[in-house]
Amino acid sequence: MSVSDSFKEYVIDQLGKLGFVTVKKMFGGASIYYDGLIFGLLADDVLYFKVDDSNKSDYIMAGMKPFKPFDDKPMLMPYYEVPVDILENREQLAEWAMKALLVSRNNPSKPKKRKLARDGNS
């Protein structure tokens with residue numbers, strides 16, 4: 001699950017209508033953030049956006065598949081492949097990205113629990 005620098009740069013350029021997005025390496029791939037919210041993934045030079053019931057049908061109707069991080073395990077993540085024709089169209093890509101951002105805002109990741117020191121000094 002790798003991402004070439006050229007594909008990463010292309011995706012960042014295509015997402016320019018959103019403003020400043022950041023990309024962070026993650027398990028051989030990369031995650032895409034806007035304003036601290038993860039809304040996309042890059043894996044094997046494929047772009048995936050976060051989905052829920054509000055936008056998943058767009059991807060299914062386009063024949064796209066969910067992100068499956070492991071070939072040998074049935075685990076699926078709430079991200080779907082972005083169609084190439086959407087990726088190549090900055091206007092449409094911005095629309096799909098905004099929907100993915102709304103999904104992230106409406107379904108925030110669980111906050112990490114802080115471990116407290118056993119002696120109570122934290």
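Sequence positions, counted from 1, serve as the residue numbers for this chain.
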Carboxylate-amine/guanidinium proximity below 4.0 Å for D58 and K99: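 Salt bridge present between D58 and K99.
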Would the distance check show the side chain of S104 and the main-chain N or O of I38 forming a donor-acceptor pair, the cut-off being under 3.5 Å? yes
For the student: nearest non-hydrogen atoms of [X] and [Y], plus distance:
X    : Y   : value
N89  : Q14 : N-NE2, 4.1 Å
P83  : W96 : CD-CZ3, 3.6 Å
A30  : V3  : N-CG2, 4.2 Å
L93  : I86 : CB-O, 3.5 Å
R105 : L37 : CG-CD1, 3.2 Å

Please collect all salt bridge (charged side-chain N to carboxylate O under 4.0 Å, His left out) contacts where either partner lies in residues 11-24, sequence neighbours excluded, each pair once.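 Applying salt bridge (charged side-chain N to carboxylate O under 4.0 Å, His left out) to every pair that reaches into residues 11-24, excluding sequence neighbours, yields D13-R90, K17-E91.
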Just so I know, are the side chains of E88 and Y10 near enough to count as touching, which here means a heavy-atom distance under 4.5 Å?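 Yes, close enough: below the 4.5 Å cut-off.
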When you compare the side chain of M64 with that of I60, does any pair of heavy atoms fall below 4.5 Å?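 They are not in side-chain contact.
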Check whether more than 12 heavy atoms from other residues, nucleotides or ligands sit under 6.0 Å from atom NZ of K65, and answer yes or no. no
Report the relative orientation of the aromatic rings in F49 and F39; use parallel for angles under 30°, tilted for 30 to 60°, perpendicular for over 60°.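 It falls in the tilted class, 30° to 60°.
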Kindly compute the distance separating [atom1] ([X]) from [atom2] ([Y]), expressed to the nearest 0.5 Å.
X   : Y   : atom1 : atom2 : result
Y80 : S57 : OH    : OG    : 10.5 Å
M26 : L41 : CE    : CG    : 4.5 Å
F7  : D44 : CZ    : CG    : 10.0 Å
F67 : Y79 : CZ    : OH    : 9.5 Å
I32 : T22 : CD1   : OG1   : 9.0 Å
I12 : L18 : CD1   : CG    : 12.0 Å

According to a hydrophobic-cluster definition based on side-chain heavy atoms being under 4.5 Å apart (Ile, Leu, Val, Met, Phe, Trp, Tyr only), do V84 and L42 belong together? no
Among V103, L102, L101, find the residue that satisfies the side chain to side chain contact (heavy atoms under 4.5 Å, CB included) test when tested with K50. V103
Side chain to side chain contact (heavy atoms under 4.5 Å, CB included) between Y48 and V82: does it pass, once the steps are laid out? CA-CA 5 Å; Y48 298 86; V82 175; 5.8 Å; no
